[in-house]
Amino acid sequence: MPESLASQTLAWDRCKGTADSPAPGDDWQCATLEAPLDWAEPGGETIGLALIRAKATGDERIGSLLFNFGGPGGSGISMMPSYAGTVSSLHERYDLVSWDPRGVAASEGIRCRGDDAIEDAESVDSTPDTATEEQAYLKDAADFGKGCEKAAGKLMAHVSTTDTARDMDLMRHVLGDEKMHYFGISYGTELGGVYAHLFPRHVGRVILDAVVDPSADTMGHAENQARGFQRALDDYLKSTGKDLEQGSREIAGLLERLDAEPLSTSSPGRKLTQTLALTGIVLPLYSKDGWLALTSALAAAEEGDGSELLALADGYNERDPSGHYGTSTHSQRVISCLDDKQRPTLEETKKLLPRFEKVSPVFGAFLGWDTAGWCHDWPVAGQHETPEVSAPGAAPILVVGNTGDPATPYEGARRMADELGKDVGVVLTWKGEGHGAYGSGSDCVDSAVDAYLLKGTVPEDGKVCS
C-alpha cells in the first residue's frame with residue numbers, strides 16, 4: 001500500500017445534508033478516505049470514500065466499530081445516525097463508524113437510469129408469459145446494464161465485495177485500529193466473511209447478523225430467497241388465522257389477475273402491476289411491524305384499489321412523492337453482477353421455474369425469472385461463483401441467525417459458520433421474525449451480542465434465544 005494512502009489523515013468535519021437526507025446532529029462527523037481505484041495498482045488513480053462517525057461517549061474506548069447495513073448498495077452515511085439508537089449500549093465504548101462503499105451514494109454513487117426511465121420500466125413484465133414479453137424483459141435488463149456502464153466508466157470493474165473488503169482494511173489502518181471490530185447486516189455479512197478471509201489476523205470482534213449463505217450460487221440464492229419469503233408469508237398468514245395453502249393461493253390469484261389487468265390507484269397515471277404488487281408484499285415481510293399494513297393493502301387490492309400496495313412498493317423502490325427514485329438498487333446490481341460470474345440463460349431459467357414455483361407459489365416465479373434478467377448481457381465479467389470466506393486463524397466471529405428471516409433464511413447462518421472454519425464461526429440462533437435479530441426485541445440476543453462486543457465474551461456455539 002502506498003505510504004501516501006496509509007499515512008493519510010482524515011479531515012473530520014460536521015456532516016452536511018444531501019438532497020435525499022438532512023444533516024445529522026452535531027455528534028456526527030464526516031470525512032473522505034482516499035482509496036485506490038484499482039487495488040491491483042494501489043499507486044494509481046484514487047477514489048474518495050465517504051465516512052461518518054460519532055465518537056465514543058465514555059472514557060474506556062475499545063476502538064472503532066464499523067457498520068455495513070447491507071444491500072449491496074445501502075448507504076451507511078444515511079443509515080448510521082438512524083441506527084445509533086439501536087446500538088446505544090455500544091456507543092459508550094466504540095466510535096460508531098460507517099461509510100458509503102465504492103459505487104454507492106456519496107462514494108462515486110452509480111445511477112444507471114433517470115427517474116422517468118425507471119418508472120417506464122415498471123410496466124415491463126417480470127414474469128413473462130410470451131416470447132414478446134420475454135424479449136422485452138431481456139432487452140430492459142440489457143439496457144439497464146448499458147446505462148450502468150455509461151454512468152460508471154472505469155469504476156464499473158472495481159466495485160466488487162473484494163475491493164470493498166480491502167477498502168475496509170485501509171479504513172481500519174487509517175482510523176488507528178489494530179483490529180477490525182465490525183457489525184455486518186445482511187449483505188454486510190458476506191462482506192464481513194470476505195474481509196475475514198483476506199485479513200484473518202486483523203479480525204477483532206465481528207458480528208454477522210441476517211446471514212447470507214456463502215455456499216449458494218446464483219440459483220441457490222434465488223431459491224433461498226423464495227423459501228425465506230414464503231416462510232415469512234406463512235408466518236404472517238398464521239397470525240391472521242388463515243389456512244396457509246389457501247392464503248397463498250389467494251395472493252397468487254391476485255397476482256395472476258394483476259398480470260392480465262393492472263389495478264388503478266390514487267396516484268395519477270400509475271397502475272399497480274403484478275411486479276409492483278409483489279414488491280409491495282415483500283416490504284412488510286421484512287418486519288413483523290409491517291404485517292398490519294400488509295393486511296390492509298391486500299384487502300384494498302381485493303376490493304379493486306391498488307394504492308396501498310403501490311405505496312409499499314414505492315417504499316421498497318425508494319420512490320418519493322415527487323417521483324424521484326433512490327439508487328441503492330442500481331449500486332446493488334452493479335456490485336453483485338461484478339461479484340457473480342454466473343449468467344443463467346433464458347432456457348436454463350425456464351427449466352428451473354417449476355422448482356421455484358414449488359418452493360413458493362407466491363414468490364417463486366418472480367425470483368426464478370430474476371436469475372435470467374439480473375445480469376443479462378452484463379458489460380463486465382463476474383469474479384466468482386460463490387464468495388470465499390474461510391478464515392483460518394481468525395478470532396471467533398459471532399454469526400446470528402433468525403429463524404423467521406425472509407431475505408436471508410436461517411440456514412445461511414450455519415453455512416457461514418461452517419465455511420469460516422472450526423473455532424472461528426460461532427452460531428447464535430433467535431427464534432423470531434423479521435430481517436435481522438439484534439435490536440429486534442430479544443433481550444437474549446442483545447445481551448449476548450453486547451457481552452461479546454463489550455467484554456469479548458463468546459457465547460456457546462449453538463446457543464438458542466426463543
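Note that these values count all heavy atoms, side chains included, but never hydrogens, waters or copies made by symmetry. One-based numbering along the sequence shown.
Taking each heavy atom of Ser328 and Glu318 in turn, the nearest pair found is OG-OE1, 2.7 Å. Listed here is the closest heavy atom pair of Glu92 and Thr57: CA-OG1, 3.1 Å. Taking all atoms of both residues into account, the shortest heavy-atom contact from Glu348 to Arg343 is OE1-O, 4.3 Å. Contact detail for Ser442 and Trp430: the closest heavy-atom pair is CB-NE1, 3.3 Å. Among all heavy-atom pairs drawn from His91 and Ala54, the shortest one is NE2-O, 3.4 Å. Residue Trp99 comes nearest to Leu66 through the heavy atom pair CZ3-CG, 3.6 Å, listed as atom of the first residue, atom of the second, then distance.
The closest side-chain heavy-atom distance from Phe183 to Val449 is below 4.5 Å. For the pair Val400 and Tyr452, the minimum side-chain heavy-atom distance is 4.5 Å or more. When side chains are defined from C-beta on, Val445 does not count as touching Ser440, because their heavy atoms never get closer than 4.5 Å. When side chains are defined from C-beta on, Thr161 does not count as touching Pro387, because their heavy atoms never get closer than 4.5 Å. Put simply, the side chain of Leu285 reaches to within 4.5 Å of the side chain of Trp291, judged on heavy atoms. Between Trp378 and Cys148 the shortest side-chain heavy-atom distance falls below 4.5 Å.
Side chains of Tyr195 and Thr164: no donor on one and acceptor on the other come within 3.5 Å. For the residue pair Thr371 and Thr218, no side-chain donor N or O sits within less than 3.5 Å of a side-chain acceptor on the partner.
For Phe144 and His376, the gap between ring centers reaches or exceeds 6.0 Å.
Residues in residues 281-322 take part in no disulfide bond (SG atoms under 2.5 Å apart) pair, two or more places apart or across chains. Listed by first then second residue, pairs satisfying ring-ring contact (aromatic ring centres under 6.0 Å, His included) with a partner in residues 204-229 read Phe229-Tyr286, Phe229-Phe363, not counting sequence neighbours.
Paired with Thr189 under the rule side chain to side chain contact (heavy atoms under 4.5 Å, CB included), one option of Val194, Asn68, Val211 passes, and it is Val211.
Looking at Gln29, its side chain never comes within 3.5 Å of a backbone N or O of Arg14 through a donor-acceptor pair.
The residues Arg231 and Asp235 are annotated as not salt-bridged, no charged nitrogen and carboxylate oxygen being separated by less than 4.0 angstrom. Using a 4.0 Å cut-off between a side-chain N of Lys or Arg and a carboxylate O of Asp or Glu, Arg414 and Asp461 qualify as a salt bridge. Under a 4.0 Å N-O distance rule, the pair Glu223/Arg227 qualifies as a salt bridge. A salt bridge is defined here as a Lys NZ or Arg NE, NH1 or NH2 lying under 4.0 Å from an Asp or Glu carboxylate O, and Glu119 with Arg113 fails to meet this definition.
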**Asked** Would Asp234 and Lys238 count as a salt bridge (Lys or Arg N to Asp or Glu O under 4.0 Å) if you check the C-alpha gap in whole Å, the side-chain angles of each, and the deciding distance to 0.1 Å?
**Response** CA-CA 6 Å; Asp234 286 348; Lys238 271 183 212 168; over 6 Å; no
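More than 12 heavy-atom neighbours from other residues, nucleotides or ligands sit within 6.0 angstrom of CG on Leu244. Heavy-atom neighbours of Glu388 CD from other residues, nucleotides or ligands within 6.0 Å: above the threshold of 12.
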